[in-house]
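Predicted model, so just to flag it, every value in this text is computed and none were measured. Both counts, for ligands and for their atoms, begin at 1 and track the order of listing.
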Amino acid sequence: MQNRQVVIESLPQDKLELSNFAMRTEPVPAPGAGEVLCRTLALTVGAGQRAGLQGSATYAGAPKSGVVMGGSAVARVEASESNSIAVGTLVTCPAGWQEYSVHEARAVNVVDEVDDPAHHLGVYGTNGLTAYFGLFALGEPQAGQTLVVSAAAGSVGHLVGQMAKIVGCRVVGVTGSEEKCQLLTDTLGFDTAVNHRSPDFRGEFREACGDGIDIYFDNTGGDILGGALRRMKTHGRIVCCGVVSQYDTGAPQPGPRGVPGLLVNNRVRMEGFLVFDYADRYAEGRAQMRAWVEAGQLKPLQDEFQGLEEMPRAFIDMLAGGNVGTRIVRVAE
Ligand SMILES: NC(=O)c1ccc[n+]([C@@H]2O[C@H](COP(=O)([O-])OP(=O)(O)OC[C@H]3O[C@@H](n4cnc5c(N)ncnc54)[C@H](OP(=O)(O)O)[C@@H]3O)[C@@H](O)[C@H]2O)c1
């Protein structure tokens, strides 16, 4: 049996290109003692993977070419040399961009059978948990407060905004097109949304923020962070989740002006986090989000590509804002 893989052919010098990736075929590996062979059903692409290729995600180590591109999959166990995981079990695993992967049994997560296994890569996966813990552990939302979230129609952002609405916040989304703004307000219940590509973004953003921002959930850094910093209320919180505006480039801009002066004057807390910090509380986050999903209060959105060979295109298009919700690539039935 053959295992198709997508490998990093070369590291990007500036914008990521299709030519940075190549397809390769190898024999399917056999699991050793204590290991399982997983067949990839679906993969997701996340913006943070571009930071990994840039070398700015220090937790991911130094990027290198000639290896299978990393990534999270939902998969079925196809063969098992472990007493703890049976053939047929549904798991999530760090498969990388390939059809089959071998893992130590303790390195895969057994997950519930849900209507669509791909939800384990979105709302119940890393990005859902990032939204949940970033919002509740760092943002500390209270009913009546104003929350602004950037990359608001993306995988993390669309969940942050909806959960902030559930607990009674006034929610402002910042996203990259009029269609996405409309989706946020009409389908997901955001109070208002602003297009960061609008020629009058500054004025529209100022107006949308009303009397100021209590919580800014920052997925983008860059000019949107700069604008939010100037609109923070006293004792506001800036949740530093990621810097997607500065990933797909060889020359990232420095941080915005006003740090630390604006933080001092307004007693604003600006704090970064990694979702892994909350690993011992994942079950709590998943259970709460599942309850909201099942009650119809939280709508996880995903969009899809078909076929492993589409991974590079799905990734590059997501970085350019082509996605709504979590981007999924289906690899096998
Ligand atoms: N801290 C953690 O542990 C952790 C874990 C997971 C993810 N993250 C971070 O969460 C953020 C969102 O990741 P995701 O995987 O959910 O991606 P995503 O939001 O689904 O996709 C990225 C989005 O970024 C927006 N974007 C791209 N370039 C932009 C620019 N120059 N200015 C403004 N927006 C831009 C695009 O939407 P528009 O159409 O709206 O422009 C695009 O859809 C990233 O910063 C990622 O690093 C952090």
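- The shortest N or O to N or O distance between V174 and ligand 1 is not below 3.5 Å.
- Of all atoms in ligand 1, numbered sequentially from 1 with element shown, those under 4.0 Å from a heavy atom of G48 are 46 (C), 47 (O).
- For the residue pair T25 and Q2, no side-chain donor N or O sits within less than 3.5 Å of a side-chain acceptor on the partner.
- Only side-chain heavy atoms of T130 come within less than 4.0 Å of ligand 1; its backbone N, CA, C and O stay farther off.
- The contact set between ligand 1 and T175, taken as ligand atoms under 4.0 Å from a residue heavy atom, comprises 38 (P), 39 (O), 40 (O).
- Of the N or O atoms in A47, one or more lie within a sub-3.5 Å distance of an N or O in ligand 1.
- Counting non-hydrogen atoms of other residues, nucleotides and ligands closer than 6.0 Å to CZ of R106 gives a total of 12 or fewer.
- M311 contributes atom CE, which lies 7.0 Å from atom CD of Q49 (distance to the nearest 0.5 angstrom).
- Residue L274 has no nitrogen or oxygen atom sitting less than 3.5 Å from a nitrogen or oxygen atom of ligand 1, judged on distance alone.
- Contacts with ligand 1 closer than 4.0 Å are made by side-chain heavy atoms of T220 only, the backbone lying farther away.
- Other residues, nucleotides and ligands contribute only 12 or fewer heavy atoms inside 6.0 Å of the CG atom of D223.
- Ion pairing between R76 and E113 holds under the 4.0 Å rule for side-chain N and carboxylate O.
- Distances from atom 33 (C) of ligand 1 to the heavy atoms of R197, H196, H158 put H196 nearest.
- At a 4.0 Å heavy-atom cut-off, ligand 1 touches M318 through backbone and side chain alike.
- Nearest-heavy-atom check against atom 8 (N) of ligand 1 across C181, G272, C241 picks out C241.
- Annotation: N323 places an N or O atom under 3.5 Å from an N or O atom of ligand 1; distance criterion only.
- Near V243, with a cut-off below 4.0 Å to any heavy atom, the atoms of ligand 1 are 45 (O).
- With a 4.0 Å cut-off on non-hydrogen atoms, F276 does not touch ligand 1 at all.
- Nearest residue to atom 38 (P) of ligand 1 from G173, A152, G176, A151 is G176 (criterion: closest heavy atom).
- Looking at ligand 1, you won't find any N or O of S177 less than 3.5 Å from one of its N or O atoms.
- Distances below 4.0 Å separate heavy atoms of G154 from the following atoms of ligand 1: 18 (P), 19 (O), 20 (O).
- Interface atoms of ligand 1 facing L319, defined by a heavy-atom separation under 4.0 Å, are 27 (C), 28 (N).
- Looking only at side-chain heavy atoms (C-beta outward), D211 and K233 come within less than 4.5 Å of each other.
- Shown in contact with K180 at under 4.0 Å from a heavy atom are these atoms of ligand 1, numbered in order with element: 37 (O), 38 (P), 39 (O), 43 (O).
- Ion pairing of R237 with E271 is absent here, as no side-chain N (NZ or NE/NH1/NH2) approaches a carboxylate O to less than 4.0 Å.
- By the criterion of a heavy-atom distance under 4.0 Å, the side chain of N127, and not its backbone, is placed next to ligand 1.
- Between the CG atom of L225 and the CG atom of N219 there is a distance of 11.5 Å, given to the nearest 0.5 Å.
- With 3.5 Å as the limit, one finds no donor-acceptor pair spanning the side chains of H196 and S198.
- Here's the thing with G46: none of its N/O atoms is less than 3.5 angstrom from an N/O atom of ligand 1.
- Under 4.0 angstrom from ligand 1, there are no non-hydrogen atoms of T326.
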